[in-house]
A.B. asks: 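Here's a structure for you.
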Amino acid sequence: MFYKYEIKTENNKEVLYLYVDDNYEFSKEFMNNSGSNDLYSKIKKYISDMKIKFNGVKICLVVSGIVITLLLSSNGTISNKPVLINNNVEEVSEVIKVDEPGFFDDVEESISVEPDVKNPPIAETNPSSKKETINTQSKVEKVVTQKPVVEEKKENIVESEKEEVIENKKMVTVYRSSGIVEEIELEEYIVGVVGGEMPASFNVEALKAQAVVARTYTLKRLSEGKVLTDNVSTQIYRDTSQLHSMWGSGFNKYYSKVKNAVDVTKGQYITYNNQYIDAVYHSTSNGYTEDAQYVWGYSIPYLKSVDSHWDLSATPYLRKVEKTNDNLLKLMGIQIDEETSVEVLEKSSSNRINKIQIGENIYNGTDLYKKLSLRSRDFDFEVSSDGVVITTRGYGHGVGMNQYGANGMANDGYNYKQIIHHYYNNVEISG
């Protein structure tokens with residue numbers, strides 16, 4: 001029903017503007033007292049779903065340029081009939097004011113894209129055709145226009161029939177870190193994601209693979225009614241201005257390269273059993289990608305461990321980090337000394353730690369990796385009197401495509417489709 005919102009201050013009081021989708025039939029029943037509570041329930045649900053921090057009592061609905069104002073009573077219901085304020089109103093241009101620290105409390109941040117653990121994808125054992133439900137190519141409407149016959153004294157000139165193709169672009173809503181909510185055309189958004197997520201210096205085939213993966217991640221998330229941000233809680237997105245700041249004098253070269261990768265793969269996405277895959281990805285592996293079951297606790301047929309030896313020579317592969325006893329006490333509630341024993345109890349097939357014992361405490365590898373903000377679950381502990389030195393191999397959760405591996409494959413002559421099929425088992429590329 002609502003596709004965006006804005007909050008502005010009028011007379012030192014907050015006013016919430018809710019924009020009603022033009023495709024939504026704004027029923028007449030909402031324009032009288034009997035429909036007020038039904039309307040309010042929709043408003044209340046939207047405010048709750050979007051985690052809007054709003055302390056005012058005045059709400060304005062913007063319906064096809066018409067502004068309708070509502071007043072809330074002390075008990076939280078609409079206290080009067082909606083009142084028509086203006087029938088020719090421009091959209092409010094003030095920046096949305098959002099309580100940013102808690103805005104995405106329900107979204108777990110990570111250094112790389114992850115699926116929704118609470119709602120794991122289920123592979124169909126007897127798949128039926130669902131291509132109609134996941135076909136995201138823009139609908140094309142053909143409009144035939146014919147000019148009238150113009151009669152002249154010497155000759156009749158008849159304009160030939162012409163066809164004009166109008167493409168309805170797919171838009172995505174992105175919740176920016178600044179608090180602004182933007183509507184961005186899908187392919188333009190993918191350009192900003194590829195530019196933000198992968199070094200533009202990478203081989204163009206790796207950039208193409210990233211474009212298809214990012215588009216798939218986006219379409220699956222939208223199909224499930226979930227939001228998109230511009231940070232690591234979903235996918236990093238950089239607009240043109242941000243890309244210009246990031247690339248500097250190389251902007252024209254890199255933007256053209258990234259946009260070409262997106263244009264060449266326009267509309268393409270990845271499926272398994274005719275459903276969008278969880279197109280998760282990460283920076284660098286330890287030489288093998290990880291099986292999803294060791295990270296999120298459930299098995300996914302297309303997210304299995306595969307060889308990725310290209311990462312072994314990647315810049316982010318090996319890192320060392322020190323954690324002092326003060327750090328360990330704060331993050332884990334323990335202190336260690338030179339006598340503290342460290343023993344790896346279980347590793348996955350890709351050599352990442354599943355269980356580790358430090359002193360008398362046993363930790364899940366994924367939990368420890370997150371608590372200590374490590375780069376990878378493939379790590380070694382070196383105990384000292386001041387704390388520990390931790391050596392990590394790889395960067396990210398390790399599941400799905402890794403970006404440095406994709407670049408290594410591309411440099412070895414693999415194209416983007418081969419890269420995708422390598423990192424995601426038994427999938428199809430559609431579109």
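Heavy-atom basis, side chains included; hydrogens, waters and symmetry copies ignored.
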A.B. asks: Tell me whether the guanidinium CZ or amine NZ of R215 lies under 6.0 angstrom from the six-membered ring centre of Y269 and within 45° of its axis.
C.D. replies: no

A.B. asks: Mind checking the CZ-OH spacing from R352 to Y294? Nearest 0.5 Å is all I need.
C.D. replies: 11.5 Å

A.B. asks: Please check: side-chain N/O of T340 versus main-chain N/O of G359, any donor-acceptor pairing under 3.5 Å?
C.D. replies: no

A.B. asks: Any chance you could measure K257, atom NZ, to S201, atom OG, to the nearest 0.5 Å?
C.D. replies: 6.0 Å

A.B. asks: Please evaluate residues N231 and T229 with respect to the criterion side-chain hydrogen bond (donor to acceptor under 3.5 Å, both in side chains), reporting the C-alpha separation (whole Å), side-chain torsions for both, the decisive distance (0.1 Å), and the verdict.
C.D. replies: CA-CA 6 Å; N231 54 51; T229 70; 3.0 Å; yes

A.B. asks: For K253, does its backbone N or O pair with a side-chain atom of S256 as donor and acceptor, under 3.5 Å?
C.D. replies: no

A.B. asks: List the residues meeting side chain to side chain contact (heavy atoms under 4.5 Å, CB included) with N203, not counting sequence neighbours, and say none if there are none.
C.D. replies: E205, N407, A410, N411

A.B. asks: Which one of I419, N415, I420 satisfies the side chain to side chain contact (heavy atoms under 4.5 Å, CB included) criterion with K417?
C.D. replies: N415

A.B. asks: Can you tell whether the side chains of R393 and D311 come within less than 4.0 Å, N to carboxylate O?
C.D. replies: no

A.B. asks: For the side chain of S376 and the backbone of G396, is there at least one donor-acceptor N/O pair under 3.5 Å apart?
C.D. replies: no

A.B. asks: Does anything in residues 305-359 pair up under ring pair (Phe, Tyr, Trp, His ring centres under 6.0 Å), and if so which pairs, sequence neighbours excluded?
C.D. replies: W310-H422

A.B. asks: Are the charged groups of E290 and R377 less than 4.0 angstrom apart, N to O?
C.D. replies: yes

A.B. asks: Measuring from Y302:OH to N273:CG, what's the distance to the nearest 0.5 Å?
C.D. replies: 10.0 Å

A.B. asks: Is there a donor-acceptor contact under 3.5 Å from the side chain of N402 to the main chain of T289?
C.D. replies: no

A.B. asks: Is any side-chain heavy atom of Y288 closer than 4.5 Å to a side-chain heavy atom of S349?
C.D. replies: no

A.B. asks: Between H282 and V399 (side chain of the first, backbone of the second, donor and acceptor by atom type, cut-off under 3.5 Å), is there such a pair?
C.D. replies: yes

A.B. asks: If you compare all heavy atoms of Y424 against all heavy atoms of V427, which two are closest, and at what distance to 0.1 Å?
C.D. replies: O-CG2, 3.4 Å

A.B. asks: Working to the nearest 0.5 Å, report the span between OH of Y217 and CD1 of I277.
C.D. replies: 12.5 Å

A.B. asks: Between D278 and V280 (side chain of the first, backbone of the second, donor and acceptor by atom type, cut-off under 3.5 Å), is there such a pair?
C.D. replies: no

A.B. asks: Does P316 offer a backbone N or O that forms a donor-acceptor pair with the side chain of R375 under 3.5 Å?
C.D. replies: yes

A.B. asks: I'd like to know if the side chain of K304 reaches the main chain of N425, judged simply by a donor and an acceptor atom lying under 3.5 Å from each other, with no hydrogens or angles considered.
C.D. replies: no

A.B. asks: With rounding to the nearest 0.5 angstrom, report the CD to NE2 distance, E428 to H421.
C.D. replies: 8.0 Å

A.B. asks: Looking at OG1 of T324 and CG of L331, how far apart are the two atoms once the value is rounded to the nearest 0.5 Å?
C.D. replies: 8.5 Å

A.B. asks: Work out which heavy atom in L207 is nearest to a heavy atom in A200; give both atom names and the distance.
C.D. replies: CD1-O, 4.0 Å

A.B. asks: Between the main-chain N or O of I270 and the side-chain N or O of T216, is there a donor-acceptor pair closer than 3.5 Å?
C.D. replies: yes

A.B. asks: Could you pull out all residues at least two apart from Y237 that satisfy ring pair (Phe, Tyr, Trp, His ring centres under 6.0 Å)?
C.D. replies: Y189

A.B. asks: Does the side chain of S384 come within less than 4.5 Å of V389's, by heavy atoms?
C.D. replies: no

A.B. asks: Side chains of E382 and T391: do they bring a donor and an acceptor to under 3.5 Å?
C.D. replies: no

A.B. asks: Any donor-acceptor pair under 3.5 Å linking the side chain of E197 with the backbone of I236?
C.D. replies: yes

